[in-house]
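In each ligand, atom 1 is the first atom listed, and ligand 1 is the first ligand listed. Please read all numbers here as calculations on a predicted model, not as lab measurements.
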Amino acid sequence: MGGFTLAGGQGFFMRGWGATVDQWVTELEVVVPDGSLIRANASENADVFWAARGSGQGFFGVVTKFWPNGKLFNEVLTLAIEQNEKTPKYGTEVAVCTFFPEKFNPTIESDEISEPSSLMMSITAAAYVDSISEAETLLSAFDYVPDGLAEVVAGPAPVILKSWKEVFQEQDMLVPYGNGEIWHIDSILNDPSIPLPEMIEAIKPSQTQLPTRQSVGVIYIGDTYPDVGKMAFSLPQQYYISTFTCTKNPTKIPALRNWMKNVYREAEKVACEA
Ligand SMILES: Cc1cc2nc3c(=O)[nH]c(=O)nc-3n(C[C@H](O)[C@H](O)[C@H](O)COP(=O)(O)OP(=O)(O)OC[C@H]3O[C@@H](n4cnc5c(N)ncnc54)[C@H](O)[C@@H]3O)c2cc1C
């Protein structure tokens with residue numbers, strides 16, 4: 001796998017799908033000659049990322065991890081956005097989160113992402129109504145799972161009743177505090193004129209390459225377009241795209257800040273007023 005990928009990775013149907021390193025590899029973890037472990041992608045250590053993808057035996061580092069292109073992220077986020085468009089706006093909320101399942105394991109203390117671990121995505125649709133049957137009707141668009149995703153989608157989960165107390169407890173589980181957690185957050189509002197596939201590619205690193213076990217990506221679908229003629233509050237609030245990183249180790253702060261800066265440099269390309 002290592003040699004194949006570093007050499008470019010040619011194979012069946014390449015003329016349509018492209019070479020492995022071009023289409024499939026989005027990020028690498030590399031031990032470089034001075035012994036340090038770095039991450040390399042299109043915006044961070046871009047020279048190493050360029051060299052690794054094609055120099056084969058001539059590559060000067062050792063690749064210890066590959067990140068694939070994460071097509072599923074595109075498909076699940078597109079599903080959430082499309083089904084949101086079929087959902088009545090009044091009294092409903094939709095948010096998409098990315099996280100590692102170990103995030104919610106209270107027996108794990110470490111910030112490290114356990115190996116192997118698969119990033120998970122959740123689509124949460126909520127309705128503020130008087131009965132379960134009203135909620136089921138309002139949120140029925142989210143019962144749909146396309147054939148192509150049926151194998152990887154655990155839901156749809158049934159609509160259930162929740163008190164405000166439970167809702168706030170769940171928010172606290174997503175971003176817990178009070179036990180030495182150190183959080184950083186960055187976010188953008190997207191430019192609605194940018195086509196969805198382009199927007200998704202630009203925000204993908206911020207949502208899928210989470211740097212620690214407790215970190216979480218959150219996309220809140222705002223669907224609100226204030227009128228600049230009416231008030232200063234005028235940035236389009238279509239999608240609020242944010243990442244919360246967490247560590248309990250203060251020495252990790254510079255690396256986490258750097259990670260955030262890099263992924264949001266990419267995401268800002270599709271931000272409104274960018
Ligand atoms: C019969 C045959 C058919 C082939 N067909 C194809 C084909 O269809 N498509 C194609 O793309 N290629 C093909 N190749 C070439 C193949 O991609 C290369 O031989 C490739 O290097 C094999 O990958 P490997 O993972 O087994 O590497 P290895 O043979 O294990 O290593 C190759 C080189 O890469 C280095 N290396 C390996 N892993 C890492 C790592 N993680 N970090 C840094 N350096 C590393 C090794 O040190 C070594 O120098 C073919 C080769 C043969 C012999």
| query | Is it true that atom CG of D147 has more than 12 heavy atoms of other residues, nucleotides or ligands lying nearer than 6.0 Å? | reply | no
| query | Are N190 and Y240 close enough that some pair of their side-chain heavy atoms sits under 4.5 Å apart? | reply | no
| S234 versus Y225, side-chain donor and acceptor atoms under 3.5 Å | no
| message | Listing request: all salt bridge (Lys or Arg N to Asp or Glu O under 4.0 Å) pairs with a residue in residues 185-202, at least two apart in sequence or in separate chains. | response | E201-K204
| field | Where at least one partner belongs to residues 237-251, residue pairs that pass salt bridge (Lys or Arg N to Asp or Glu O under 4.0 Å), sequence neighbours excluded | value | E109-K248
| field | First-shell residues of ligand 1 [heavy atom, distance under 4.0 Å] | value | M1, G2, G3, F4, L6, G9, Q10, Q57, G61, V62, V63
| Any residue meeting side-chain hydrogen bond (donor to acceptor under 3.5 Å, both in side chains) with T247, in chain and number order, not counting sequence neighbours | D111
